[in-house]
Q: 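Sharing a structure with you now.
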Amino acid sequence: MIKSITGTKDILPEDIQRWNFLESIVEKVFASFNYKEIRTPVFEETALFARGIGEATDIVGKEMYTFIDRSETSITLKPEMTASVVRAFVEHSLGTKQPLNKLFYISPMFRQERPQAGRFRQFHQFGAEAIGSNSPLLDAEMIQMAFDIFKLLGLKDVSVKINSLGVPESREKYKELLRNYLFDKKDNLSEDSRMRFEKNILRIFDSKIECDREIMKNAPLLIDYLDEESKNDFEIVKEALTRGNIPFEIDPKLVRGLDYYTKTTFEIVSEKVGSQSALCGGGRYDLLIEQLGGKPTPGVGFAAGIERILLACENEKAFSIPESSIDLYITRLDKELEKFVYDIASYFRRENFIVEIDYLDRSVKAQMREANKLGSRYVLFAGGEEFQNGLLNLKNMADGIQKTFDKNNLEEIKNYLKK
RNA sequence: GUGAGCGUAGCUCAGUUGGUUAGAGCACCAGGUUGUGGCCCUGGGGGUCGUGGGUUCAAUUCCCAUCGCUCACCCCA
């Protein structure tokens, strides 16, 4: 038997209503903040992600689905959306059409990692990007939108974490400080963290290893060494969140794994989804557009993982989807009535009723069982003496009461059903 | 990439200290009313016991390999 590729999942009819519900809320919230949807191709030239996300990141280093196509071009299935959105922004000169572009997306992403709870090789994200303003109110807006979406879904057990990475100059100065702090303690760090010391020193803060944590406990924090501008912006973000009644905590150790972040970064996490607890993450990327060949333009955005959010919703019983049901099931007695039943079903379907009939030539009893299983409000019977006499019986499945109608006057039945 | 656990019916799982035709519940189908649902009753279909090899008179059960799933590490949504 051929099975789906490792780390990919079918979304079956029994699951799809949860997805549709989530997507409808996402679209509603983004619309209320005046974000416009953008769709980009699922694959891009590999160089876009290598340059946009950063060569040194894990995503680029070991997680991308990259292949050479028939024209010898290196192609990569998108592992995240920001680089693609920025590419489209630059390619279509969106910045010249209006100074601020507010964009959102809902899209599959691809990363070749070992699957585990809340992690897949094809997964789905929704997210937003606001390109063209350095206002920290937009940073707050991102968090606000994500938080609103979670709230509308009924999620309660989530927490917002924010941090500021400052601008590159202040960050470099701080990194020097951190290097000095760690220099004589280096040998006591874990092997991974010694690697990070060379490659990306900030990420030593991410380590879950006890000896690293012990050492980092007294390390200087970036947030205490921010430049004035970053510090002010961070204050504005915090104040806006407070006014918006969004509880948050400052996490000076929140260092995100993508290279393009500047100033504000944030995550919203849930304890209800296993060890992959980040439901959404984002931040400001004021240098990325330039780096990808555009004019210097500030930007900020976030991405949220749909599978993880649905998992959190399930574990929290955040919302429930009502059982689906149909309006009318039309049964028949004899096979000769098949075409008649098909035609009157078409009539009611055109009148916007949800209608089902039997295609398996089953007994009336089996048809009734089916109607019941489908939660049909009414059943219309075709067959036997009444039919010979030009009549149809309509049964209300809730109370079992039957009414008789003229089979040539479907409009009368329609009007009755509409009540 | 590393580590651990698990693979028996569509689903959830029993079972075999190696021994005749491998079970249950749910789901599905049919019948109980030769034209009518939900409850109930009766019956039925469906399994190469993940795959390949080994040990044995005999393997679903023991051993090895392999594939898959799950969880965790790394990192992230």
Q: Mind checking if A:Glu267 touches a base, just sugar-phosphate, or nothing, with heavy atoms under 4.0 Å?
A: nothing
Q: Classify the nucleic acid contact of A:Thr331 as base, sugar-phosphate or nothing, counting any heavy atom under 4.0 Å across all strands shown.
A: nothing
Q: In whole Å, what is the span from the CZ atom of A:Arg119 to the P atom of B:rG1?
A: 14 Å
Q: Under 3.5 Å for both donor-acceptor distances, Watson-Crick or wobble: does B:rU2 have a partner, and if so which one?
A: B:rA72
Q: May I ask you to check whether A:Thr76 and A:Thr66 show a side-chain donor-acceptor distance below 3.5 Å?
A: yes
Q: Name the orientation class of the two ring planes belonging to A:Phe302 and A:Phe30 (parallel below 30°, tilted from 30 to 60°, perpendicular beyond 60°).
A: tilted
Q: Of the nucleotides B:rG37, B:rA77, B:rA72, which one has an atom closest to the side chain of A:Met368?
A: B:rG37
Q: If you only use heavy atoms from C-beta on, which nucleotide in B:rA77, B:rC74, B:rA30 is closest to the side chain of A:Lys62?
A: B:rC74
Q: Using purine N1 to pyrimidine N3 plus N6-O4 or O6-N4 for Watson-Crick, or N1-O2 and O6-N3 for G-U wobble, each under 3.5 Å, what pairs with B:rG47?
A: none
Q: Name the closest nucleotide to the A:Gln125 side chain, picking from B:rA77, B:rA72, B:rG31.
A: B:rA77
Q: Using a heavy-atom cut-off of 4.0 Å across all strands, would you classify A:Ala303 as base, sugar-phosphate, or nothing?
A: sugar-phosphate
Q: Starting the side chain at C-beta, find the nucleotide from B:rC28, B:rC40, B:rA77 nearest to A:Lys373.
A: B:rC28
Q: Can you identify which nucleotide, out of B:rG31, B:rA77, B:rG1, has its nearest atom closest to the A:Arg114 side chain?
A: B:rG1
Q: Rounded to whole Å, how long is the line connecting atom CH2 of A:Trp19 with atom C1' of B:rA77?
A: 11 Å
Q: A:Arg362 has a side chain; which of B:rC74, B:rC29, B:rG35 sits nearest to it?
A: B:rC29
Q: For this output row, return yes or no: ring centroids of A:Phe43 and A:Phe110 closer than 6.0 angstrom.
A: no
Q: Between A:Gln402 (CD) and B:rU36 (C1'), how many Å, whole number?
A: 7 Å
Q: Any donor-acceptor pair, under 3.5 Å, between the side chain of A:Gln367 and the base of B:rG35, if you only look at N and O atoms?
A: no
Q: Taking atom P in both B:rG18 and B:rA58, compute the distance separating them and give it to the nearest angstrom.
A: 15 Å
Q: For B:rC26, give its Watson-Crick or G-U wobble partner with both distances under 3.5 Å, or none.
A: B:rG10
Q: Can A:Phe381 be said to stack with the base of B:rG35, given centres closer than 5.5 angstrom and planes under 30 degrees apart?
A: no
Q: Using atom types as modelled and distance alone, determine if a side-chain donor or acceptor of A:Asp15 lies under 3.5 Å from a backbone N or O of A:Leu12.
A: yes
Q: Taking the six-membered ring for Trp and the single ring otherwise, decide whether the centroids of A:Phe104 and A:Tyr35 are under 6.0 Å apart.
A: no
Q: Between B:rC73, B:rG32, B:rG35, spot the one nearest the side chain of A:Gln276, thanks.
A: B:rC73
Q: Identify whether any heavy atom of A:Lys78 sits under 4.0 Å from a base atom; if not, whether one sits that close to sugar-phosphate; answer base, sugar-phosphate or nothing.
A: nothing
Q: Expressed as a whole number of angstroms, how long is the span from A:Ile326:CD1 to B:rG37:P?
A: 17 Å
Q: Check the distance between B:rG35's P and A:Asp334's CG and give it to me in whole angstrom.
A: 9 Å
Q: Applying a 3.5 Å limit to both distances, which nucleotide forms a Watson-Crick or G-U wobble pair with B:rG37?
A: none
Q: Heavy atoms only, 4.0 Å cut-off, all strands: where does A:Gly384 land among base, sugar-phosphate and nothing?
A: base
Q: Which base, if any, makes a Watson-Crick or G-U wobble pair with B:rU17, both distances under 3.5 Å?
A: none
Q: I want to verify a distance call: between B:rA77, B:rA30, B:rC73, whose nearest atom is closest to the A:Arg111 side chain?
A: B:rA77
Q: Has A:Ser376 got a side-chain N or O lying under 4.0 Å from the OP1 or OP2 atom of B:rG37?
A: no
Q: To the nearest Å, give me how far apart CG (A:Asp358) and P (B:rU36) are.
A: 15 Å
Q: A:Asp399 side chain to A:Ile401 main-chain N or O, any donor-acceptor pair under 3.5 Å?
A: yes
Q: Quiz question: going by heavy-atom distance under 3.5 Å, is there a donor-acceptor pair between the base of B:rG50 and the side chain of A:Lys3?
A: no
Q: Between A:Leu333 (CG) and B:rU36 (C1'), how many Å, whole number?
A: 10 Å
Q: Strictly under 6.0 Å, is that where the ring centroids of A:Phe319 and A:Phe21 end up?
A: yes
Q: Given the P atoms of B:rC49 and B:rC57, what is the spacing between them in whole Å?
A: 22 Å
Q: Consider the side chain of A:Lys9, meaning its heavy atoms from C-beta on, and name the nucleotide among B:rU70, B:rU36, B:rG37 that approaches it most closely.
A: B:rU70
Q: Expressed as a whole number of Å, how far does the P atom of B:rC62 sit from that of B:rG19?
A: 11 Å
Q: Around atom NZ of A:Lys418, are there more than 12 heavy atoms of other residues, nucleotides or ligands at under 6.0 Å?
A: yes
Q: Does the structure show a Watson-Crick or G-U wobble partner for B:rC62, both distances under 3.5 Å? Name it, or say none.
A: B:rG54
Q: Return the value, rounded to whole Å, for the distance between atom CD of A:Gln116 and atom P of B:rC74.
A: 10 Å
Q: Contact class for A:Ser363 (heavy atom, under 4.0 Å): base, sugar-phosphate, or nothing?
A: sugar-phosphate
Q: B:rG38, B:rA77, B:rC73: which one has an atom nearest the side-chain heavy atoms of A:Asn372?
A: B:rG38
Q: Between B:rA9 and B:rA24, how far apart are the two C1' atoms, rounded to whole Å?
A: 11 Å
Q: Counting any heavy atom closer than 4.0 Å, what does A:Gly118 reach on the DNA or RNA strands: base, sugar-phosphate only, or nothing?
A: base
Q: Strictly below 4.0 Å: does A:Thr6 bring a side-chain N or O up to OP1 or OP2 of B:rC69?
A: yes
Q: Quick check on RNA chain B: between A:Glu63 and A:Ile401, whose nearest nucleotide comes earlier from the 5' end?
A: A:Ile401
Q: Could you check whether the side chain of A:Lys365 and the base of B:rG37 have a donor-acceptor pair of N or O atoms closer than 3.5 Å, going by distance alone?
A: no
Q: Contact class for A:Glu386 (heavy atom, under 4.0 Å): base, sugar-phosphate, or nothing?
A: base
